[in-house]
Each structure stands twice: as structure tokens, then as C-alpha cells.
Visitor: 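Mind having a look at this structure? Questions to follow.
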Amino acid sequence: MSVHIYSSSEELSRAAAREFAARAKEAIEERGRFAVVLAGGSTPETMYGILARDYIGRIDWSKVYVFFGDERSVPPHHEDSNLKMASEVLLDHVPVANVHRMRGELPPEEAAEAYEEELRTFFQTEDVPRFDLILLGIGDDGHTASLFPWTPALEVQDRWVVANPVPRLNTTRITLTVPVINVARAVIFLVAGEDKAKALRKILEDDADPRAYPATLIQPPGGPQWMLDQSAASLLSEL
Ligand code: 6PG
């Protein structure tokens, strides 16, 4: 595990864009393609915008395959759609090889099964698919992707994608499962803002119950990379 703290969310976003580009270059050189999972929510928007603006000619986008860590149960043009957010700030502006979206407009279980099939086809394997990079955020409740506290998806070990009922939001989300995230070659958490400070201290410094703070379940080889702004890191004592 590594933790990097940046002076502002803008600095965090610039550093994350550099990291994305470096991981893309490495994957394309070693494996001929870069299979990356985008995070939803609002925190990554600035980073995606920087990629679209400053990395057009610096990444071989024709070898970049885009996936999503989770999606809301809404159609692609809905304001809550993670696909919509990512398309508007990034995907509509770069010639990616392919965008593998989660079909939020379908019944969630159907969307989850369809996405699992899409992963099986893309990775041509029955083994847990191994992404080159997975980007994640956290909520102020310690959730990540759509792995929310005390929800059934946290226990799932035999699926790659599931429909996860989230009573607190009165909805069902589609999300990658912990086993898929934990075999990724790299996992980067992007966390900005004071509202995340309490959850972050719980996750990074306290022996928090993973059912209450699901982000603690994310333990890929070598541990995740935490990229934080100063506000989010404001309650951390050990750094
Ligand atoms: C989603 C995300 C979710 C997000 C956190 C943080 O679909 O909402 O995948 O896990 O990363 O909720 O969201 P913010 O970046 O908006 O604070």
C-alpha cells in the first residue's frame, strides 16, 4: 500500500492523470493493450478532463479499453449515469478502442450477468479477469464502487459482477465484486474533500470492520495506491 497526499484536488487530478498515462504505456508495451476500469462519482471528473485535454497525443488511445467499476440503475443519458459523466468529460474526446459500459437501463441482475459475459468474452478466460488499472473512489460511509456497508455484494466470492441492493439509497446498483478488484495489476483510490476524512482515517488507521467500511476489503497484490488531497487526509495521524 502507498499513500500520496497532494496540496489540492487539482494537484491530485494532475498526478492521477500522469499515473494513468504511465500505466497505459506500460500495459500497451507489455501486453499490447490497456484494460482500465473508470470510477464513477464526481471526484475523478477533473482527472478525466485533464486526460482529454492534455493526453490526446501522449496515450495510444487506440489500445485503451474502458470498463466501469459500477453503475447506477439508470439509462445512459440519465444525469446520474457514470457513463454519461465519463463520456462528457473524457470518452467523447478520445479515440478509445472500445467502451464497455454497464447497461444501467436493464434490470440490474440482467445487467450484471451481461457485463460478466462481456468480461468473459474480452478476457477470453474463466479465471478472474485481471485489469491493468482500476480507479476507485470512496464515499463518506466507506463504500467503494457500489460495495456499500452491510450489503450482500460484500460477501460475494463466486461472481465478477453483481446487482447490489442498497437500502440506504433505495436502489440497486451494478458493481464489480471484491475478487475482481483484488486481482487487478493496480488499484488507485482517488479521494478528495474534508467530508471523506473521517472514513479515510477509519479505513487507513483503525481496525475497521470491513462490512462497515468496505474499502478496507480492497487488497490487491502490493496493496492499493491512495492518492489524497490535503483535506481528505486532514485527520490522518500516522503520515
Ligand atoms: C459511484 C461511485 C462511487 C464513488 C463514491 C465517491 O458510482 O458513485 O463509483 O463509489 O466513487 O461514491 O463519490 P464522489 O467522488 O462523488 O464523492
Side-chain angles (χ1 to χ4, degrees), residues 1 3 36-44 67-74 80 82 102-104 106-120 123 126-131 133-191 195-228 232:
M1 180 184 84
V3 179
V36 59
V37 171
L38 298 184
S42 57
T43 304
F67 295 80
F68 285 83
D70 67 326
E71 188 56 282
R72 293 87 183 268
S73 294
V74 294
D80 293 344
N82 284 334
M102 289 181 169
R103 298 179 185 286
L106 295 177
E109 188 45 50
E110 206 180 310
E113 283 168 15
Y115 208 61
E116 217 163 47
E117 208 38 51
E118 195 154 339
L119 296 181
R120 206 167 269 113
F123 286 97
E126 287 305 322
D127 301 333
V128 180
R130 200 157 186 228
F131 287 99
L133 174 62
I134 296 185
L135 298 171
L136 294 171
I138 65 164
D140 57 7
D141 61 355
H143 82 262
T144 190
S146 278
L147 301 164
F148 283 82
W150 310 102
T151 58
L154 304 186
E155 318 297 330
V156 175
Q157 293 297 320
D158 59 352
R159 294 279 308 273
W160 302 347
V161 190
V162 292
N164 191 30
V166 186
R168 187 171 72 76
L169 300 178
N170 192 24
T171 187
T172 297
R173 293 273 191 96
I174 308 145
T175 187
L176 292 183
T177 58
V178 173
V180 172
I181 300 172
N182 280 348
V183 294
R185 289 187 175 86
V187 174
I188 297 178
F189 281 102
L190 303 176
V191 188
D195 60 326
K196 306 290 174 63
K198 274 207 189 93
L200 207 50
R201 183 177 58 196
K202 271 281 181 194
I203 294 163
L204 291 179
E205 295 187 350
D206 295 2
D207 191 14
D209 183 332
R211 293 164 302 173
Y213 292 88
T216 58
L217 292 168
I218 305 307
Q219 300 298 341
Q225 197 176 332
W226 291 88
M227 301 180 79
L228 319 173

Visitor: Are the side chain of Glu71 and the backbone of Ile174 linked by a donor-acceptor contact shorter than 3.5 Å?
Guide: no
Visitor: So, for Gly139 and Ala199, which heavy atoms are closest and what is the spacing to 0.1 Å?
Guide: O-CB, 4.0 Å
Visitor: What distance do Phe68 atom CZ and Leu135 atom CG have between them, rounded to the nearest 0.5 Å?
Guide: 11.0 Å
Visitor: Is there side-chain contact between Ile138 and Lys196, with at least one heavy-atom pair below 4.5 Å?
Guide: yes
Visitor: Give a yes or no answer on whether the side chain of Asn82 reaches the backbone of Gly41 with a donor-acceptor pair at less than 3.5 Å.
Guide: yes
Visitor: Look up atom CE in Met1 and atom CG in Leu204, then write down how far apart they are to the nearest 0.5 Å.
Guide: 5.5 Å
Visitor: For Gly69 and Val37, work out which heavy atoms get closest and say how close.
Guide: N-CG1, 3.2 Å
Visitor: side-chain hydrogen bond (donor to acceptor under 3.5 Å, both in side chains): which pairs involve residues 143-152, sequence neighbours left out?
Guide: Asp70-Ser146, Asp141-His143, Ser146-Arg173, Thr151-Asn164
Visitor: For the residue pair Phe67 and Ile134, establish whether any side-chain heavy-atom pair is separated by less than 4.5 Å.
Guide: no
Visitor: Drop me the distance from Arg201's CZ to Ile203's CD1, to the nearest 0.5 angstrom.
Guide: 12.0 Å
Visitor: Give the intermediate values and the outcome of side chain to side chain contact (heavy atoms under 4.5 Å, CB included) for residues Ile218 and Asn182.
Guide: CA-CA 6 Å; Ile218 305 307; Asn182 280 348; 3.9 Å; yes
Visitor: Can you establish whether the number of heavy atoms outside Asn170 located under 6.0 Å from its atom CG is more than 12?
Guide: no
Visitor: Just grab all the side-chain hydrogen bond (donor to acceptor under 3.5 Å, both in side chains) pairs involving residues 214-226, residues at least two apart or on different chains.
Guide: Arg23-Gln225
Visitor: Hey, is the main chain of Thr172 close enough, under 3.5 Å, to the side chain of Ser73 for a donor-acceptor pair?
Guide: yes
Visitor: Once you round to the nearest 0.5 Å, how far does CG of Leu154 lie from CZ of Arg211?
Guide: 9.5 Å
Visitor: With distance as the sole test, does Arg130 use its side chain to make a donor-acceptor pair with the main-chain N or O of Val183 at under 3.5 Å?
Guide: yes
Visitor: How long is the straight-line distance from CZ of Phe189 back to CE of Met227, given to the nearest 0.5 Å?
Guide: 13.5 Å
Visitor: Given Phe131 and Val180, is the side chain to side chain contact (heavy atoms under 4.5 Å, CB included) satisfied, shown in steps?
Guide: CA-CA 8 Å; Phe131 287 99; Val180 172; 3.9 Å; yes
Visitor: What distance do Thr175 atom OG1 and Leu147 atom CG have between them, rounded to the nearest 0.5 Å?
Guide: 4.0 Å
Visitor: Between Leu190 and Pro44, what is the shortest heavy-atom contact and its length?
Guide: CD1-CB, 4.2 Å
Visitor: Step by step, would you call Tyr115 with Trp160 a side chain to side chain contact (heavy atoms under 4.5 Å, CB included)?
Guide: CA-CA 9 Å; Tyr115 208 61; Trp160 302 347; over 6 Å; no
Visitor: Test side chain to side chain contact (heavy atoms under 4.5 Å, CB included) on Glu113 and Glu110; report intermediate values, then the result.
Guide: CA-CA 5 Å; Glu113 283 168 15; Glu110 206 180 310; 5.6 Å; no
Visitor: For Ala114, which residues count as a side-chain contact (heavy atoms from CB on, under 4.5 Å) partner, sequence neighbours excluded?
Guide: none
Visitor: Specify the closest pair of heavy atoms between Pro149 and Ala212, including all atoms of both residues, with the distance to one decimal.
Guide: CG-O, 3.5 Å
Visitor: Thinking salt bridges, do Arg159 and Glu109 make one under a 4.0 Å N-O criterion?
Guide: yes
Visitor: Please give me the minimum heavy-atom distance between Val178 and Leu217, naming the atom from each residue.
Guide: CG1-O, 3.8 Å
Visitor: So which atom in Pro220 and which in Ala184 form the shortest heavy-atom distance, rounded to 0.1 Å?
Guide: CB-O, 4.0 Å
